[in-house]
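Contents: one structure, followed by commentary.
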There are 2 protein chains.
Amino acid sequence: MDIMSEPSINMPCVNISAVERDTGLSKDILRAWERRYGFPKPSRDSNGERVYPADQLEKLRVIRRLIDSGLRPGNVVSEPLDALQARMQALPSRAPRTEGEFTVADDALRLLKSHQLTALRQLLSQSLMRLGLQQFVLDVVAPLNELIGNAWVEGRIEIFEEHLYAEQLQQLLQHAIGTMSDAGPGPRILLTTLPGEQHKLGLLMAEACLCIEGAQCISLGVQTPVWDIVQAARAHRADIVALSYSQVTPLNVVCANLADLRGQLDADVELWCGGSLWGNARKTVPGVNTMAALAEIPAALETWRRHHAACRAVQ
Amino acid sequence: MDIMSEPSINMPCVNISAVERDTGLSKDILRAWERRYGFPKPSRDSNGERVYPADQLEKLRVIRRLIDSGLRPGNVVSEPLDALQARMQALPSRAPRTEGEFTVADDALRLLKSHQLTALRQLLSQSLMRLGLQQFVLDVVAPLNELIGNAWVEGRIEIFEEHLYAEQLQQLLQHAIGTMSDAGPGPRILLTTLPGEQHKLGLLMAEACLCIEGAQCISLGVQTPVWDIVQAARAHRADIVALSYSQVTPLNVVCANLADLRGQLDADVELWCGGSLWGNARKTVPGVNTMAALAEIPAALETWRRHHAACRAVQ
DNA sequence: ATCACATCTTGTCCAAGACAAATAGTCATA
DNA sequence: TATGACTATTTGTCTTGGACAAGATGTGAT
């Protein structure tokens with residue numbers, strides 16, 4: 001359906017800012033790679049400014065994911081696309097997924113790709129009802145997310161399909177969370193993401209797991225500046241600030257942001273940060289509770305409650 | 001720790017990345033202002049890199065707010081802090097609003113500012129139930145949006161409060177839309193915003209008005225690239241693509257994007273674009289149906305249906 | 001008043017260089 | 001075979017100073 005190898009007959013092109021937005025690679029990095037490795041090699045517009053064709057953008061996304069999984073730029077940036085895709089296949093797939101329990105996720109992906117939107121919504125909704133919110137999030141949404149992510153970098157689904165998927169799931173989760181929000185003796189938790197992180201789904205999944213355990217969740221949505229998180233935490237007397245990250249932000253940046261936020265937050269407010277990027281991270285930030293998986297949430301909450309009860313007793 | 005010469009003994013200092021993060025001003029802008037206006041004037045570390053003291057960061061935030069409310073950098077960046085704060089006070093309040101019909105919006109703003117979240121949610125929810133979705137959107141949400149926008153540029157509410165407000169309303173609207181989505185003989189309408197436009201609320205308000213009139217809405221969420229909108233419209237055989245814009249994007253950019261999208265969309269797909277920025281716009285784009293207010297939606301749908309019925313009859 | 005035209009403003013991009021932190025490679029020692 | 005120390009390379013980020021186009025403002029004529 002879409003376009004072929006010839007650049008620029010009808011291929012959509014974008015400038016360096018758009019590439020930075022779409023790939024999470026900074027302008028500096030894009031220019032440095034071009035200088036050092038010869039890729040990306042954008043054409044130039046009449047003003048001498050870089051114009052990236054869609055296929056290079058596509059390749060950059062693959063590269064991004066390979067680097068996130070541990071490879072180094074010098075080894076992958078200059079390789080041709082098919083070699084990279086071969087490497088993608090060879091990556092140790094963290095999700096074993098040979099068992100029969102994730103078939104819902106598979107079915108959902110199939111429905112998404114065949115554009116059967118109402119059927120998709122029905123399937124997800126039914127699955128939610130059958131499993132309950134917690135199990136639904138852990139056993140369906142999380143693997144489905146990974147499935148979608150992989151399908152996307154391998155070019156098997158389009159961006160608009162991912163948008164559509166995220167939209168459906170957001171609705172479903174938000175509704176489910178809304179129906180039980182008002183309970184909870186648990187800690188007051190402020191949820192958001194930092195600027196640059198646009199993915200709301202991870203946030204909602206966390207919120208679901210937290211609400212189920214009786215926490216009082218206050219969600220600011222995505223992309224709240226550090227300073228405003230600090231203010232919000234004070235205004236709402238939050239016990240915990242919980243952030244979510246997908247893979248698009250480089251680990252260094254994430255750690256810097258977290259350290260910054262940790263420094264500005266009042267000391268008695270805990271800072272939790274979740275996201276799949278902590279799976280193979282060796283780095284940690286002092287004073288920040290990082291979680292690689294949603295399944296860690298209940299234990300963390302339990303710990304907080306015990307500790308908090310003890311503190312109260314002492315006072 | 002590693003404090004420097006002049007500014008202060010214990011003032012925390014940050015590098016240029018942190019300033020970008022906290023103020024939303026890009027590194028390029030920070031360097032350009034320093035070159036042109038002499039502010040900010042960071043000290044340098046041992047490696048010659050910029051180190052910004054906290055008071056300059058604070059002033060940058062004030063400047064940011066003044067610029068967002070219409071002032072120009074050349075006039076404010078080099079002024080002293082107290083002059084800037086005087087200007088903040090002197091900002092004209094754009095909202096006349098003397099009538100008594102928007103009291104719900106006023107109450108909502110009050111609750112938001114006093115951080116009574118559950119009360120706010122209750123108020124909005126009750127209001128929705130009482131008025132019905134359409135009237136709620138037109139008579140409460142729209143004026144409340146304007147109220148919030150004004151309060152923000154005047155510095156009466158914080159960014160995090162605006163986030164919180166948007167989040168509550170999004171949940172409410174999304175839920176309301178979800179409970180009636182599956183009906184409708186009407187046109188298939190693809191809803192989204194273009195990259196750069198992050199406001200989902202406008203989109204949801206439009207979706208609500210469209211759904212009520214029996215249209216089949218397919219929402220892609222925010223920030224879908226042009227190329228993907230085209231693909232999505234084909235995949236889902238949309239009759240209409242509807243976009244939403246708030247005021248933050250310059251009109252020229254909007255028009256250019258619209259023309260681009262219009263050129264790539266199949267000719268038999270209509271393109272609608274709504275948003276308050278069309279209120280005083282003299283510019284139009286050929287082939288694009290622009291609407292300044294949500295109230296225009298029913299008539300537009302009626303027109304489409306009549307025209308479409310006629311076309312069918314001809315075939 | 002309204003429009004067209006000239007003039008400033010201002011955000012963004014570019015090039016090429018520099019440097020430190022992170023990573024990989026090497027070699028000797030327990 | 002591990003482990004640790006040391007060196008070399010890789011890589012992200014910051015620097016300067018210049019350039020340009022789109023937006024905003026001012027000016028003059030209709």
Side-chain angles (χ1 to χ4, degrees), chain A residues 14-21 23-52 60 63-64 66-78 249-257 259 280-284, chain B residues 2 13-21 23-40 42-52 60 63-64 66-78 196 247-257 277 281-283:
Chain A
V14 293
N15 63 6
I16 196 172
S17 293
V19 177
E20 176 180 38
R21 207 177 44 228
T23 65
L25 301 166
S26 74
K27 301 183 183 72
D28 276 328
I29 289 192
L30 291 169
R31 288 192 277 252
W33 284 3
E34 183 180 343
R35 201 188 329 159
R36 288 169 181 161
Y37 314 120
F39 183 89
K41 197 86 182 182
S43 47
R44 303 300 181 112
D45 66 7
S46 60
N47 193 30
E49 303 190 352
R50 293 172 174 78
V51 177
Y52 295 83
L60 283 172
I63 291 174
R64 177 63 210 268
L66 286 170
I67 289 177
D68 283 340
S69 68
L71 296 177
R72 304 193 65 187
N75 301 327
V76 290
V77 172
S78 50
T249 323
L251 185 58
N252 301 348
V253 177
V254 174
C255 289
N257 289 346
N280 44 0
R282 9 199 158 198
K283 221 178 194 175
T284 61
Chain B
D2 53 311
C13 295
V14 292
N15 63 8
I16 196 171
S17 293
V19 177
E20 175 180 40
R21 205 166 52 230
T23 65
L25 301 166
S26 74
K27 300 183 181 77
D28 275 328
I29 289 191
L30 290 169
R31 287 192 276 252
W33 284 3
E34 183 180 343
R35 200 187 332 158
R36 290 170 180 158
Y37 315 120
F39 183 89
S43 48
R44 301 303 180 111
D45 66 7
S46 60
N47 193 30
E49 303 189 353
R50 291 173 175 79
V51 177
Y52 295 83
L60 283 171
I63 291 175
R64 174 70 205 267
L66 286 169
I67 289 178
D68 281 342
S69 68
L71 295 178
R72 305 191 67 185
N75 301 327
V76 290
V77 173
S78 50
Q247 300 100 329
V248 293
T249 324
L251 184 58
N252 291 1
V253 176
V254 175
C255 289
N257 287 346
L277 85 169
R282 28 214 137 183
K283 222 177 196 175

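For clarity, every value in this text was computed on a predicted model and none was experimentally measured.
- By the 4.5 Å heavy-atom criterion applied to side chains, A/R72 and A/I67 are not counted as neighbours.
- The distance from atom CD1 of A/I67 to atom P of D/dT11 is 8 Å, rounded to the nearest whole Å.
- Nearest nucleotide to the side chain of B/P73, out of D/dT16, C/dC14, C/dT10: C/dT10.
- Taking the nucleotide of DNA chain C with the nearest heavy atom to each of B/R72 and A/R35, the more 5' of the two is matched to B/R72.
- Nearest-nucleotide assignment on DNA chain D puts the 5′-proximal partner with B/I16, out of A/S46 and B/I16.
- Whole-Å rounding puts the A/R36 CZ to C/dA18 P distance at 13 Å.
- One interatomic measurement links the two molecules: CZ of A/R44 to P of C/dT12, which rounds to 19 Å at whole-angstrom precision.
- Atom CD1 of A/I29 and atom P of D/dC14 are 10 Å apart (whole Å).
- Taking the nucleotide of DNA chain C with the nearest heavy atom to each of A/E34 and B/N75, the more 5' of the two is matched to B/N75.
- Side-chain contact between B/V51 and B/C13 is present, with heavy atoms from C-beta onward closer than 4.5 Å.
- Across the protein-nucleic acid pair, A/N47 atom CG and C/dA15 atom C1' stand 14 Å apart, rounded to whole Å.
- OP1 or OP2 of D/dT16 has at least one side-chain nitrogen or oxygen of B/R50 nearer than 4.0 Å.
- For B/D28 and C/dC14, the CG to C1' distance is 10 Å, given to the nearest whole Å.
- Counting only distance, with no hydrogens or angles, the side chain of B/R44 and the backbone of B/E49 share no donor-acceptor pair below 3.5 Å.
- Across C/dC13, D/dC14, D/dG12, the shortest atom-to-atom separation from the side chain of B/N15 is found for D/dC14.
- Distances shown here put every side-chain N or O of A/Y37 at or beyond 4.0 Å from the OP1 or OP2 atom of D/dT10.
- In terms of modelled atom types and a separation under 3.5 Å, the side chain of B/N15 and the main chain of B/A18 share a donor-acceptor contact.
- Summarising the geometry, the separation between CZ on B/R31 and C1' on C/dT10 is reported as 16 Å, rounded to the nearest angstrom.
- Note on A/S17: every side-chain N or O is 4.0 Å or more away from OP1 and OP2 of C/dT12.
- The two residues B/S78 and B/Y37 have their closest heavy-atom pair at CB-O, 3.8 Å.
- For the pair A/K27 NZ and C/dC14 P, the computed distance is 9 Å after rounding to whole Å.
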